[in-house]
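Quick notes on the structure that follows.
Residues: numbered from 1 along the sequence shown. Both backbone and side-chain heavy atoms feed into the values below; hydrogens, waters and symmetry mates do not.
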Amino acid sequence: MSEQPQRNGGDLVIETLTALGAKTVFGIPGQHALGLFDALSRSSLEFISSRVENNSAFAADGYSRATGEVGVLFLSTGPGALTSLAGLQEAYATGVPMVVVASQIPLDGLGARRKGMLHQLDDQKASAANVTKFQQTVHHASGIPSAIQDAWARAITVPMGPVWVEVPQDVLLAPVMVPPVQDALAEAYEHPPREELIGEAMRWLAEAKRPAIIAGGGVRRAGAKAELLAVAEKLQAPVLCSPGGNGAFPWEHELSLQSWVEDRYVSEVMEDADVLVVIGSSLGEVTSNYFTLEPRGKMIQIDAEPRVLESNTPALGIRADAREALKFLDGEMRKTGFTAQSSWHGNTPQQVVAETLEKVQARLDAQDLGKERKFMADIRAAVPAGMQTFWDMTIAAYWGWSCWDAKDGEFHSAQGAGGLGFGFPAAIGGAIGSKQRVLAVSGDGSSMYSIAELATAKQHHAPVTWLIVDDGGYGILREYMEGAFGKATATELARPDFVALAQSFGIPARAVEPEGIGAALAEALEADGPNVIVVRTLLKMFAPTHL
């Protein structure tokens with residue numbers, strides 16, 4: 001009979017995560033984290049081994065977005081921890097709940113001393129402070145369960161986001177005598193709206209003739225789609241979704257201005273509202289049509305993150321979870337027998353929405369964008385209504401921010417922080433978490449940030465179809481520079497034969513012309529395991545309206 005291994009600090013990490021409901025962990029092993037990974041071998045947790053740490057972070061992010069669960073990321077010390085930061089910035093900017101467990105150098109090296117230990121940083125937590133909600137170093141194994149339980153609660157408390165816990169190598173390896181963790185409870189702290197503020201908002205809305213709503217990613221993260229629909233219909237308010245809020249409101253609804261945030265016709269409707277309700281959005285750069293949106297009426301801004309309230313426009317700022325606030329508004333309207341008085345200069349809100357969308361389409365018709373519009377329409381037609389999609393910072397995604405109808409699926413893009421490389425690794429995490437096929441869309445430039453994850457997709461047989469739109473460079477930067485300076489500099493790229501490269505990993509891949517994307521996607525989305533489609537074409541953006 002073999003002797004049972006001695007439990008250590010790593011076991012306490014694994015046991016606590018398991019008790020909290022974790023099922024899957026992303027990351028890469030490292031010297032200081034070996035105690036953590038040894039303990040992982042004694043658990044039921046599934047480990048997804050990425051090839052680069054920032055891609056591990058993107059994958060944990062995608063897992064959380066696709067499932068609504070907390071993403072869990074294991075990191076090694078120093079270079080491993082630092083390499084994850086760009087991925088964590090996206091999760092932090094977008095409000096994705098994650099628990100990050102990083103190893104640290106032994107306790108003896110912490111502090112002001114420079115002992116020359118491998119991976120030693122002056123202050124590893126300080127490096128994470130810009131991209132996580134909270135950071136903590138655990139100095140004793142007995143403190144591990146409480147630290148991780150608290151981190152989990154912080155991650156799921158609005159505004160949600162990644163939380164960083166680091167454990168020194170010797171604490172992970174030290175034998176522990178405490179019994180195994182049996183249960184752990186982490187509950188989100190509630191942030192209900194303050195009654196006097198909601199009351200004031202109701203008084204404004206009761207008098208509104210032209211109410212309108214901008215719905216951001218906070219509505220989606222709060223699971224508040226039904227509540228938004230109920231409030232919008234009672235108010236008879238046109239609804240515009242930000243790129244992060246894409247899918248928060250039914251695309252084809254008669255009150256839906258869809259996600260055309262970068263169009264002045266739509267901006268003008270928002271500016272004309274006598275009460276504009278902005279919920280779950282900072283009204284940031286893209287959503288405000290590059291800070292050209294200037295509401296002339298009153299504005300109510302509801303967000304779980306107090307730092308975004310009135311950050312761009314004066315408003316009645318209400319700190320609250322989007323779902324709780326919308327439920328409260330809906331309840332108040334029911335209680336008071338609220339009746340909409342909507343009249344947009346003699347037109348109904350439905351007429352305003354229909355006429356505005358017609359103007360948007362006419363503006364597009366006046367530009368030479370037939371290839372781009374057909375390309376996006378063909379992708380939409382080929383993708384099943386319930387499929388989740390993950391988009392990198394590429395021209396197709398910039399189109400998607402405005403024109404993609406998420407239908408019954410979810411639209412995930414990297415526009416929170418705007419870094420490259422999100423699409424494919426996030427899709428791997430999303431596919432593994434949802435156990436459903438997903439679509440990733442990248443450009444040739446952004447795909448090279450995550451090309452190593454072809455190995456991850458193959459190793460874990462992830463059901464991901466990866467569409468790479470290859471235009472030979474950083475396409476959107478090329479377009480920006482040509483528009484601003486008349487020429488582009490440093491935007492052209494040598495790139496591999498993506499089809500041959502994918503095939504070298506044992507992954508089916510094919511190249512198609514733009515007009516063949518629909519049929520190729522339909523076939524790839526029915527396949528098993530990962531596959532790649534490459535389209536060599538140059539897509540253009542529609543003309544900006546904010547200049």
**Message:** With side-chain hydrogen bond (donor to acceptor under 3.5 Å, both in side chains) as the criterion, how do Asp303 and Ser282 come out once you've worked through the C-alpha distance, each side chain's angles and the decisive distance to 0.1 Å?
**Reply:** CA-CA 8 Å; Asp303 206 285; Ser282 65; over 6 Å; no
**Asked** Of the non-hydrogen atoms in Pro243 and Thr287, which two are nearest, and what is the gap between them?
**Response** CD-OG1, 3.9 Å
**Message:** Please find the pair of heavy atoms, one from Tyr265 and one from Asp263, that lie closest to each other, and give the distance.
**Reply:** N-OD1, 2.8 Å
**Request:** Could you pull out the closest heavy-atom pair between Lys133 and Thr157, with the gap in Å?
**Result:** NZ-O, 2.9 Å
**Request:** Indicate yes or no for a side-chain donor-acceptor contact from Arg220 to the backbone of Phe411 under 3.5 Å, with no hydrogens or angles considered.
**Result:** yes
**Message:** Any heavy-atom pair between the side chains of Leu493 and Tyr474 that's under 4.5 Å?
**Reply:** yes
**Request:** Indicate yes or no: at least one non-hydrogen side-chain atom of Ile48 is less than 4.5 angstrom from one of Tyr63.
**Result:** no
**Request:** Report yes or no: does Asp378 contribute a side-chain atom to a donor-acceptor pair with the main-chain N or O of Gly518 at less than 3.5 Å?
**Result:** no
**Message:** Is there a side-chain hydrogen bond (donor to acceptor under 3.5 Å, both in side chains) between Thr94 and Glu90? Walk through the geometry before answering.
**Reply:** CA-CA 6 Å; Thr94 309; Glu90 176 60 37; 2.7 Å; yes
**Asked** Does any non-hydrogen side-chain atom of Met333 lie less than 4.5 Å from one of Leu235?
**Response** yes
**Message:** Can you classify the ring geometry of Trp399 versus Phe542 as parallel (below 30°), tilted (30 to 60°) or perpendicular (above 60°)?
**Reply:** perpendicular
**Nearest-0.5 Å distance that lies between atom NE2 in His191 and atom CD in Glu324** = 11.5 Å
**Asked** Do side-chain atoms of Arg334 reach the backbone of Gly337 as a donor and acceptor pair under 3.5 angstrom?
**Response** no
**Asked** Hey, is the main chain of Ser413 close enough, under 3.5 Å, to the side chain of Arg65 for a donor-acceptor pair?
**Response** yes
**Prompt:** Within the side chain of Asp444, is there an N or O that forms a donor-acceptor pair under 3.5 Å with the backbone of Gly473?
**Reply:** yes
**Whether Thr545 side chain and Glu262 backbone form a donor-acceptor pair below 3.5 Å** = yes
**Prompt:** What's the shortest heavy-atom distance between Met270 and Leu257, and which atoms?
**Reply:** CE-CD1, 3.5 Å
**Message:** Walk me through whether Trp404 and Ser259 qualify under side-chain hydrogen bond (donor to acceptor under 3.5 Å, both in side chains).
**Reply:** CA-CA 8 Å; Trp404 184 262; Ser259 290; over 6 Å; no
**Short side-chain to backbone donor-acceptor contact, Glu305 and Arg307, under 3.5 Å** = yes
**Request:** Any chance you could measure Arg363, atom CZ, to Trp260, atom CH2, to the nearest 0.5 Å?
**Result:** 10.5 Å
**Request:** Considering non-hydrogen atoms only, spot the tightest contact between Ala396 and Val441 and give its length.
**Result:** CB-CG1, 4.1 Å
**Request:** Looking only at non-hydrogen atoms, find the nearest pair between Leu525 and Ala382 and report the distance.
**Result:** CD1-O, 3.6 Å
**Message:** So, taking the atom named CD in Glu200 and the one named CG in Leu316, what distance separates them when rounded to the nearest 0.5 Å?
**Reply:** 6.5 Å
**Item:** Beyond-backbone contact of Ile379 with Leu439, side-chain heavy atoms, under 4.5 angstrom
**Value:** yes
**Request:** Please round to the nearest 0.5 Å and tell me the distance separating atom CZ of Arg264 and atom NZ of Lys359.
**Result:** 12.0 Å
**Whether Glu233 side chain and Ala230 backbone form a donor-acceptor pair below 3.5 Å** = no
**Item:** Exam field: side chain Gln388 to backbone Gly430, donor-acceptor pair closer than 3.5 Å
**Value:** no
**Request:** Drop me the distance from Arg154's CZ to Gln135's CD, to the nearest 0.5 angstrom.
**Result:** 9.5 Å
**Message:** Counting C-beta onward and ignoring hydrogens, is there a side-chain heavy-atom pair between Leu467 and Trp391 closer than 4.5 Å?
**Reply:** no
**Message:** Between Lys407 (side chain only) and Trp251 (backbone N and O only), is there a donor and an acceptor less than 3.5 Å apart?
**Reply:** no
**Fill in**
Here the gap from Ser311 atom OG to Gln301 atom CD, rounded to the nearest 0.5 Å, amounts to 6.0 Å
**Item:** N-O pairing of Lys225 and Glu410 below 4.0 Å
**Value:** yes
**Message:** For Phe422 and Phe58, take the angle between the two ring planes, folded into 0 to 90°, and tell me which bin it lands in: parallel under 30, tilted 30 to 60, perpendicular over 60.
**Reply:** perpendicular
